[in-house]
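Indexing begins at 1, ligand by ligand and atom by atom, following the structure's order. Reckoned from all heavy atoms, side chains included, excluding hydrogens, waters and symmetry mates.
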Amino acid sequence: MVATSVLDPDAECSMDVILVGSSELSCPPSPGLRRDLIAYEVKVNQRDIEDLCICCGSFQVHTQHPLFEGGMCAPCKDKFLDCFFLYDDDGYQSYCSICCAGETLLICENPDCTRCYCFDCVDALAGPGTAGTVQAMSHWVCFLCLPFSCCGLLRQRPKWRGRLKALYDQESESPLEMYKIVPVWKREPVRVLSLFGDIRKELTSLGFLEDGSGTGRLKHLDDVTNIVRRDVEHWGPFDLVYGCTLPPGQACDRPPGWHLLQFHRILQYARPRQGRPQPFFWMFVDNLLLSKDDRSVATRFLETDPVTIQDAVLVWSNIPAVRSSRHSALVPQEELSLLAWDRQRAKSPTPGPAKLVKNCFLPLREYFKYFSELTSPL
Ligand SMILES: [Zn+2]
Ligand SMILES: [Zn+2]
Ligand SMILES: [Zn+2]
């Protein structure tokens, strides 16, 4: 087994080696803090690792790291909450599972895992040189995928999924909801209702529509004028409702505001009845066509602020990662108007929905995976 060499307690290196390796550390997060001092503090100064931020080395511990033994300072905790559920196009997490930063990332090769780890964290916590060893391996399974894994200072917390949820519940503005277990054999593909913009291709490429029989669970509608509540309830229930204004250039005799109001109307029909213990997500994308007034109507009706994504679209959504800080908050009014104006003069290309849908929906896949399986927190 290749992974054993990492788990071998003998792989822990002594202090002098740690200090030699320190020149490779790229700029530490805060002046005066050194990741390599974590090992020194714990091993030589006998400091409890729970009294250190394992993400940056700070002594100002605010909470416990949910996945691994050790503390977390307030700024690192904020970064963690913002970034943990962000994914790249390749389907892997965008940032290190320990510090939620990192440039070069080691990727877990367990097919069920999407976690990454930065060189700095692995070297500082698992032992200097470990990142290089891992990188040289042909097949590496990460610190969370191996049960009871312990490597240097890096010790997986028992019931870390529950702790992850608890951290979000306590610290985040948007606590994660928890859902009942669905046994594997009973799991179904996500049921999607899409309005105006067809996203079948994107959903299929993400594996959202797969089930045994190969038939998708997507209902797509271009015109909803005559759709009533009964229709939507008959087609549903849905897990996800998507709608958008049409990209400029696409012929349409309706004003953009019409798409918004119709989306809102249909969304009310599709919302699960109170108490249905099931996740329900929605997303409305404006290709920068809504007027200022339309946008404030959208914010009022949809009861959430929009975010701009890729400087190209405005998105209102209740999907956790969409609301996180990687997507910039609403850009100033003037900039938005300029952007829309540019767009209409075809200076900025309109991005296809593919990347957008992927970026926004990928976290959902993980979200369902993490939190549909939880029985109880901790
Ligand atoms: Zn920190
Ligand atoms: Zn890291
Ligand atoms: Zn893994």
Side-chain angles (χ1 to χ4, degrees), residues 1-3 6-7 21 24-39 41-42 47 49-88 90-128 130-132 134-135 137-157 160-161 164 167 171 365-366 369-370 373:
M1 223 176 100
V2 197
V6 182
L7 297 179
E24 283 172 21
L25 287 177
S26 53
C27 54
S30 331
L33 297 176
R34 295 269 298 267
R35 296 292 301 281
D36 52 348
L37 291 181
I38 295 177
E41 285 296 330
V42 174
R47 190 183 279 270
I49 194 162
E50 303 291 352
D51 297 334
L52 279 163
C53 174
I54 58 168
C55 309
C56 73
S58 161
F59 296 155
Q60 311 287 325
V61 165
H62 171 83
T63 187
Q64 289 185 312
H65 197 285
L67 310 182
F68 295 98
E69 285 182 15
M72 219 171 12
C73 70
C76 289
K77 178 264 303 176
D78 288 340
K79 194 160 67 173
F80 188 95
L81 290 176
D82 280 347
C83 299
F84 190 75
F85 283 106
L86 296 179
Y87 289 79
D88 278 340
D90 58 8
Y92 284 94
Q93 286 180 311
S94 307
Y95 298 105
C96 170
S97 289
I98 300 169
C99 67
C100 277
E103 304 228 316
T104 322
L105 298 171
L106 298 163
I107 290 174
C108 174
E109 283 167 83
N110 171 0
D112 282 339
C113 182
T114 54
R115 280 178 287 275
C116 303
Y117 300 83
C118 75
F119 275 52
D120 284 353
C121 278
V122 171
D123 277 348
L125 298 167
T130 309
V134 166
Q135 196 181 25
M137 285 180 176
S138 58
H139 185 81
W140 177 67
V141 175
C142 83
F143 309 106
L144 289 174
C145 286
L146 291 171
F148 315 112
S149 161
C150 150
C151 179
L153 299 176
L154 209 49
R155 283 157 214 268
Q156 179 190 125
R157 286 198 196 273
W160 57 267
R161 283 189 177 82
L164 183 63
L167 179 74
E171 303 281 351
R365 196 170 60 172
E366 198 68 4
K369 192 158 86 190
Y370 274 123
E373 292 171 13

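- Around atom CD of E69, more than 12 heavy atoms belonging to other residues, nucleotides or ligands sit under 6.0 Å away.
- Between C118 atom SG and C96 atom SG, the angle centred on the Zn ion (ligand 2) amounts to 110° (nearest 10°).
- Under the salt bridge (Lys or Arg N to Asp or Glu O under 4.0 Å) criterion, E109 pairs with no residue, sequence neighbours left out.
- Considering the Zn ion (ligand 3) as centre, the angle to SG of C145 and to SG of C142 is 110° (10° rounding).
- Residues S97 and F84 meet the side-chain proximity criterion, which asks for heavy atoms closer than 4.5 Å.
- Judged purely by atom type and a 3.5 angstrom limit, R157 uses its side chain to pair as donor or acceptor with the backbone of F68.
- Judged by distance alone, with hydrogens and angles left aside, the side-chain atoms of H65 form a donor-acceptor pair with the main-chain N or O of I98 at under 3.5 Å.
- Residue-and-atom listing of protein N/O/S atoms under 2.8 Å from the Zn ion (ligand 1), sorted by chain and number: C53 SG, C56 SG, C73 SG, C76 SG.
- Between the side chain of D123 and the backbone N or O of A131, at least one donor-acceptor pair lies under 3.5 Å.
- Annotation for A124 and L153: closest pair O-CD1, 4.4 Å, computed over non-hydrogen atoms.
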